[in-house]
Amino acid sequence: MSTSDSNSPAHEPTDTDAGLGQQIRDISEVPAIEVITTGAVHLMSAAAVKVGLADDPDAEELKDLDEARKLITALAGLVTAAAPEIGSQHAGPLRDGLRSLQLAFREASLIPDEPGKGPGEKFTGPVN
């Protein structure tokens with residue numbers, strides 16, 4: 001007995017549906033390399049803020065090393081996994097940024113992690 005409810009209105013296309021369709025077409029045109037690098041840059045930016053590197057008078061208040069550790073580890077996993085797909089031209093700068101964040105994290109930590117135990121180091125190896 002799966003009949004349509006006579007009280008529910010039929011779904012008619014709306015401007016929102018048209019907008020969603022356009023967004024789907026737009027994203028289908030974006031190369032995978034661009035999606036990957038954009039995601040990495042967002043992770044990198046968020047991690048920089050959480051490590052305390054924000055160019056802001058409140059940078060110290062925004063610092064959250066627990067959150068930074070998660071973001072840096074996620075970034076390391078993405079960069080490591082994507083490197084063969086995106087090539088060294090794109091992976092190199094991402095690795096450099098990742099390394100800078102790992103070093104900034106180590107410097108900001110009151111109790112330094114053992115070598116190889118810092119954020120993302122299970123993917124990148126120890127960072128010096």
Side-chain angles (χ1 to χ4, degrees):
M1 288 187 148
S2 62
T3 60
S4 175
D5 183 357
S6 61
N7 293 330
S8 64
H11 179 72
E12 295 184 26
T14 63
D15 289 340
T16 304
D17 292 337
L20 180 59
Q22 183 61 46
Q23 289 176 349
I24 291 170
R25 282 188 294 283
D26 289 348
I27 203 159
S28 73
E29 296 172 7
V30 179
I33 290 175
E34 190 172 330
V35 173
I36 292 166
T37 55
T38 299
V41 168
H42 285 292
L43 287 168
M44 205 175 286
S45 298
V49 170
K50 298 292 185 179
V51 167
L53 300 177
D55 187 19
D56 187 279
D58 298 328
E60 194 61 32
E61 291 176 28
L62 301 173
K63 186 190 292 188
D64 184 338
L65 295 181
D66 184 51
E67 290 288 302
R69 178 182 296 279
K70 294 170 188 169
L71 291 163
I72 294 168
T73 299
L75 176 62
L78 175 61
V79 171
T80 301
E85 304 300 326
I86 64 176
S88 60
Q89 174 186 2
H90 298 283
L94 294 176
R95 281 190 189 113
D96 292 344
L98 170 59
R99 183 175 186 279
S100 295
L101 287 169
Q102 288 171 310
L103 292 172
F105 182 93
R106 178 166 294 170
E107 187 175 310
S109 296
L110 296 176
I111 302 170
D113 293 313
E114 294 177 31
K117 301 290 185 185
E121 290 184 350
K122 66 181 173 184
F123 298 110
T124 64
V127 176
N128 298 320

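A quick note: this is a predicted structure, and the numbers were derived from the prediction, not measured.
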Practice item. Please identify each residue that fulfils side chain to side chain contact (heavy atoms under 4.5 Å, CB included) with Ala104, with sequence neighbours left out. Key: Val51, Leu53

Donor-acceptor pairs under 3.5 Å, side chain of residues 78-88 to any protein atom, not counting sequence neighbours: which ones?
{"from": "Thr80", "atom 1": "OG1", "to": "Ala76", "atom 2": "O", "distance (Å)": "2.7"}

Check your understanding: Can you name the nearest heavy-atom pair linking Ile72 to Ala47, along with the distance?
Key -> CG1-CB, 3.8 Å

Review point. How close do Gly52 and Ala59 get, heavy atom to heavy atom, and via which atoms?
Key: O-CB, 3.9 Å

Study note, to complete from the structure: So side chain to side chain donor-acceptor pair (under 3.5 Å) across residues 110-126, not counting sequence neighbours, yields Arg69-Asp113, Gln102-Thr124, Arg106-Glu121

Check your understanding: Can you list every side chain to side chain donor-acceptor pair (under 3.5 Å) pair that touches residues 49-66, not counting sequence neighbours?
Key -> Glu60-Lys63, Asp66-Lys70

Review point. Going only through I, L, V, M, F, W and Y residues with side-chain contacts under 4.5 Å, is there a path from Leu65 to Leu43?
Key: yes

Check your understanding: Given a cutoff of under 4.5 Å between side-chain heavy atoms of I, L, V, M, F, W and Y, with clusters grown through shared members, what are the other residues clustered with Val49?
Key -> Leu62

Check your understanding: What pair of heavy atoms forms the shortest contact from Gly77 to Phe123, and how long is it?
Key -> N-CD1, 3.7 Å

Study note, to complete from the structure: Distance col, row Leu98:CG vs Thr73:OG1, nearest 0.5 angstrom, shows 9.0 Å

Side-chain polar contacts of residues 29-42 - donor-acceptor pairs under 3.5 angstrom, sequence neighbours left out - could you list them?
{"from": "Thr37", "atom 1": "OG1", "to": "Ile33", "atom 2": "O", "distance (Å)": "2.9"}
{"from": "Thr37", "atom 1": "OG1", "to": "Glu34", "atom 2": "O", "distance (Å)": "3.3"}
{"from": "Thr38", "atom 1": "OG1", "to": "Glu34", "atom 2": "O", "distance (Å)": "2.7"}

Check your understanding: Can Met44 be reached from Leu71 by stepping across I, L, V, M, F, W or Y side chains whose heavy atoms are under 4.5 Å apart?
Key -> yes

**Study point:** Passing option when Gln22 is tested against Asp26, Leu20, Ile24 for side-chain contact (heavy atoms from CB on, under 4.5 Å)
**Key:** Asp26

